[in-house]
Protein chains: 4
Amino acid sequence: MVLGRAEETTVTRPQTRRKDTRERIQHVALELFLERGYDQTSLREIAERLEVTKAALYYHFRTKEDIVTSLIEDIGRPVDDLIAWGQGQPATRATRREVLRRLNEALDTGAPVFRFLQENQAALRSRGSADGFRDRMRALGALLTVPDAGMVEQVRTLSALFTVYFGTFAASHMEGDPDEKRAALLQVAWEQLDAAHGYTGEDGE
Amino acid sequence: MVLGRAEETTVTRPQTRRKDTRERIQHVALELFLERGYDQTSLREIAERLEVTKAALYYHFRTKEDIVTSLIEDIGRPVDDLIAWGQGQPATRATRREVLRRLNEALDTGAPVFRFLQENQAALRSRGSADGFRDRMRALGALLTVPDAGMVEQVRTLSALFTVYFGTFAASHMEGDPDEKRAALLQVAWEQLDAAHGYTGEDGE
Amino acid sequence: MVLGRAEETTVTRPQTRRKDTRERIQHVALELFLERGYDQTSLREIAERLEVTKAALYYHFRTKEDIVTSLIEDIGRPVDDLIAWGQGQPATRATRREVLRRLNEALDTGAPVFRFLQENQAALRSRGSADGFRDRMRALGALLTVPDAGMVEQVRTLSALFTVYFGTFAASHMEGDPDEKRAALLQVAWEQLDAAHGYTGEDGE
Amino acid sequence: MVLGRAEETTVTRPQTRRKDTRERIQHVALELFLERGYDQTSLREIAERLEVTKAALYYHFRTKEDIVTSLIEDIGRPVDDLIAWGQGQPATRATRREVLRRLNEALDTGAPVFRFLQENQAALRSRGSADGFRDRMRALGALLTVPDAGMVEQVRTLSALFTVYFGTFAASHMEGDPDEKRAALLQVAWEQLDAAHGYTGEDGE
DNA sequence: CATGAATGAGAATTCATTCAT
DNA sequence: CATGAATGAATTCTCATTCAT
């Protein structure tokens with residue numbers, strides 16, 4: 001988008017030994033993984049779009065899976081941090097609201113990778129790449145509930161999580177201002193959270 | 001060669017196939033697609049698990065994609081019916097509740113295929129197999145909203161749909177009676193629906 | 001098409017679905033392994049010389065190593081039989097002589113495979129394919145010695161084994177009648193055996 | 001070169017390389033060639049075990065084959081000297097005995113390289129690296145025979161050579177004192193030599 | 001209905017080698 | 001002396017698909 005200007009003059013830079021090849025690979029790989037799916041995306045395609053050779057990819061990543069792993073790590077860390085933070089806080093309404101708010105925020109940044117994980121679950125499962133991810137989602141869920149919650153309360157909590165999580169993906173297909181949409185997701189999720197915990201607005205926790 | 005005659009008395013089950021082979025293929029294919037992902041599942045594996053040859057699969061299905069298509073059709077029809085029914089009804093609270101109730105029900109039966117679609121989105125997209133599915137989800141969403149709804153109301157509707165849809169998958173990992181879980185999902189989704197439409201329990205629509 | 005009679009002159013029979021492809025692969029593979037070494041021989045080359053596709057090889061053998069394994073088994077069995085036979089016999093001079101005689105004979109038939117094993121030891125070791133072979137040689141050696149033999153006696157026995165074994169390979173580069181060469185190898189080996197066991201021609205065992 | 005000053009105080013051994021890097025490469029290469037075979041050993045592995053980069057190897061050796069060539073030359077020269085010496089001597093019993101004695105000695109020193117050549121014959125043949133070696137063995141054989149020898153005599157000579165040559169490798173797997181084993185090999189080989197030339201211990205040559 | 005044999009295309013990966021710095 | 005980044009060519013292997021029998 002804001003690239004523009006410099007773009008035009010550079011036509012023949014394939015030879016330019018770049019520093020950022022590793023990141024460029026991650027970027028293009030994610031792009032293609034989203035377009036065509038993980039399994040459908042061959043390293044040849046990634047290399048071609050980058051105008052390097054397949055072997056160059058192998059200089060930077062030991063395997064195809066390694067590329068995916070590096071991608072996941074980048075977004076896994078923020079979520080891990082969030083979980084760690086949440087576990088260190090008292091289990092209050094404020095904490096739960098903050099957890100959802102931060103998740104809502106993290107999803108905004110890492111949306112493409114999250115979507116990739118979401119849409120390629122089966123492909124990644126066999127490779128164990130995304131298994132850690134499922135655990136993280138469960139940990140987040142745990143932060144939002146109370147242990148002795150009834151089934152309906154649990155579902156309401158789950159529902160709040162889904163609203164933020166899946167809502168982010170669905171929202172990208174909806175019209176409207178992105179920030180406004182995000183805010184709406186969070187608001188609704190918060191309502192569900194309050195419903196789950198029987199918070200009516202009168203009594204605090 | 002000299003089979004014929006002895007056929008009926010045969011004790012060795014290999015012959016048990018015959019007419020229902022087509023369904024057995026669908027069954028095993030779905031099983032493997034869920035275990036290892038669509039792309040990761042080769043026809044060889046399907047054939048092996050069925051104890052037939054690859055070539056035998058080609059007698060029943062023209063291509064690998066055909067298998068998936070047949071699978072989707074089986075569950076697509078119920079959803080199509082649901083959509084058609086919904087579109088023929090007045091846009092009342094009762095209709096919307098019934099739409100969710102039927103979806104909740106349909107998911108119970110067709111859960112494995114839905115999950116397969118869910119987890120293999122990326123793999124199927126390229127082949128156009130599941131695109132029709134996304135459309136169906138959108139059509140369902142449309143049945144639940146009103147045209148001039150605000151963003152928050154839309155999100156609440158979406159949230160209701162997610163609760164039923166994703167909740168079904170998540171619930172399979174939760175402990176508790178399946179029927180009770182299903183009922184809880186529907187109840188929460190209905191609440192969200194009412195919230196989306198500002199229904200307070202006093203005035204009907 | 002016009003196969004039958006014309007068979008001999010046929011130039012274009014690639015399409016003919018043959019029965020003996022498996023054996024033809026083994027044959028050509030061994031040929032190439034001997035010419036260029038195991039690692040240097042690619043499946044592409046084997047396929048080309050056979051005028052089939054690489055994939056055809058994989059129909060008949062699961063891996064490249066499997067080809068080698070199948071080759072070794074063919075000659076391993078005769079040697080195993082020989083060892084088994086030897087172990088069932090009393091440890092007399094006659095038995096030892098017979099062991100060498102049979103080895104001399106087996107080598108004549110399986111010479112190419114033995115030579116292949118001999119010249120590709122390092123290449124095969126890592127794959128564990130030929131390890132069983134080393135064991136067999138040792139077992140043969142054991143059949144020829146007595147437990148309490150002195151070092152010099154052991155060396156003489158070893159020497160007899162080497163004469164038959166390595167002599168067969170070296171002999172192929174020497175001029176002269178093959179049968180006569182084989183007989184000479186055996187005669188010398190027998191002499192060494194007698195020397196090893198202090199047999200002078202007077203006293204039997 | 002410009003290292004100098006800091007040189008002495010260095011504690012971190014990585015620098016310990018320097019001048020002897022070439023030899024260290026030869027050493028590690030031989031080690032790996034023996035462990036995994038020539039073709040199976042990649043320059044990457046050699047570099048890794050040496051804790052240098054692949055490119056560093058190329059500073060010392062033009063190609064992978066050059067490494068092997070340098071290795072062979074190191075042991076080829078002693079054998080060449082031995083051949084030259086033998087050819088300059090009268091074809092007496094004493095000369096032949098001395099040839100075997102020196103070979104026995106040379107094998108002791110250069111055993112690993114000899115073994116490498118022995119176990120990688122096929123891999124090296126295609127590259128012509130070891131062909132010179134086969135010639136050398138033949139030249140040695142020629143030094144031990146007389147031109148008009150009968151077949152059995154020739155075999156006995158060959159046998160003497162094999163005893164020293166292959167015996168050295170086999171002996172490394174046998175228990176006992178190395179020097180004693182070597183002596184035994186030479187003794188037996190000498191006996192075979194005498195047998196080949198009809199030397200009974202009465203009449204000299 | 002089903003199989004045995006085969007193919008053509010393409011995948012991931014590895015290797016020896018190069019060269020600007 | 002040595003490295004980091006890259007390449008071109010090859011390799012093993014897998015897959016969906018075909019077809020004569």
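Note that these values count all heavy atoms, side chains included, but never hydrogens, waters or copies made by symmetry. The shown structure was predicted, so the numbers you read here are calculated from the model rather than taken from an experiment.
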Checklist entry - Quick one: are D/L57 and D/L50 in side-chain contact, heavy atoms under 4.5 Å? => result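 In short, these two side chains touch, coming nearer than 4.5 Å.
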Checklist entry - Does a side-chain heavy-atom distance below 4.5 Å link A/L34 with A/N120? => result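 A side-chain contact is absent here, since even the closest heavy-atom pair is not under 4.5 Å.
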Interatomic distance where [atom1] belongs to [X] and [atom2] belongs to [N] [whole Å]:
X	N	atom1	atom2	answer
D/L50	F/dC1	CG	P	15 Å
B/F61	F/dC15	CZ	C1'	19 Å
B/Y58	F/dA20	OH	C1'	17 Å
B/D66	F/dA16	CG	C1'	13 Å
A/H60	E/dA12	NE2	C1'	18 Å
C/I25	E/dA5	CD1	P	11 Å
A/L57	F/dA5	CG	P	14 Å
A/K64	E/dT14	NZ	C1'	17 Å

Checklist entry - For B/E35, what residues pass the side-chain contact (heavy atoms from CB on, under 4.5 Å) criterion, not counting sequence neighbours? => result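 Scan of B/E35 (side-chain contact (heavy atoms from CB on, under 4.5 Å), adjacent residues dropped) gives B/E31, B/L32, B/R49.
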Item to check | Qualifying residues under side-chain contact (heavy atoms from CB on, under 4.5 Å), relative to A/Y58, sequence neighbours excluded | outcome: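 side-chain contact (heavy atoms from CB on, under 4.5 Å) list for A/Y58, sorted by chain: A/L43.
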Checklist entry - Where are the stems of DNA chain E, defined as at least 3 consecutive Watson-Crick or wobble G-U pairs with both distances under 3.5 Å? => result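 Stem list for DNA chain E: E:2-21 with F:2-21.
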Next on the checklist: Just to be sure I understand the geometry, which residues of residues 33-44 of chain A put a non-hydrogen atom under 4.0 Å away from DNA chain E?
Outcome noted: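 When residues 33-44 of chain A is checked for heavy atoms under 4.0 Å from DNA chain E, the hits, listed by number, are A/T41, A/S42, A/L43, A/R44.
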Checklist entry - At their closest point, which heavy atom of D/I75 faces which heavy atom of D/G110, and how far apart are they? => result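 The answer is CG2-CA, 4.0 Å.
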Next on the checklist: Show the nearest heavy-atom pair for residues D/R36 and D/E45, with the distance to one decimal.
Outcome noted: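 Result for this residue pair: NE-OE2, 2.7 Å.
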Which nucleotide, [options], lies nearest any side-chain atom of [X]?
X	options	result
C/Y59	E/dG4, F/dT12, F/dT7	E/dG4
B/A55	F/dC15, F/dC19, E/dA6	F/dC19
D/T53	F/dA6, E/dT17, F/dT3	F/dT3

Next on the checklist: Below 30° counts as parallel, above 60° as perpendicular, anything between as tilted: where do the rings of C/F116 and C/Y38 land?
Outcome noted: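 Ring orientation of C/F116 relative to C/Y38: tilted.
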Next on the checklist: Run the salt bridge (charged side-chain N to carboxylate O under 4.0 Å, His left out) test against B/E73 and tell me which residues pass, sequence neighbours left out.
Outcome noted: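 For B/E73, no residue satisfies salt bridge (charged side-chain N to carboxylate O under 4.0 Å, His left out) once neighbours in sequence are set aside.
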Item to check | Spacing of the C1' atoms in E/dC1 and F/dT21 (rounded, Å) | outcome: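 Going atom to atom, C1' in each nucleotide, I get 13 Å.
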Checklist entry - Mapping B/K54 and A/K54 onto DNA chain F by nearest heavy atom, which one lands closer to the 5' end? => result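 Result: A/K54.
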Item to check | Under 4.0 angstrom between A/T21 side-chain N/O and F/dA6 OP1 or OP2 | outcome: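 For F/dA6, OP1/OP2 do have a side-chain N/O of A/T21 under 4.0 Å.
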Checklist entry - With A/Q26, which residues qualify under side chain to side chain donor-acceptor pair (under 3.5 Å), at least two apart? => result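 Result, side chain to side chain donor-acceptor pair (under 3.5 Å) vs A/Q26: A/S70.
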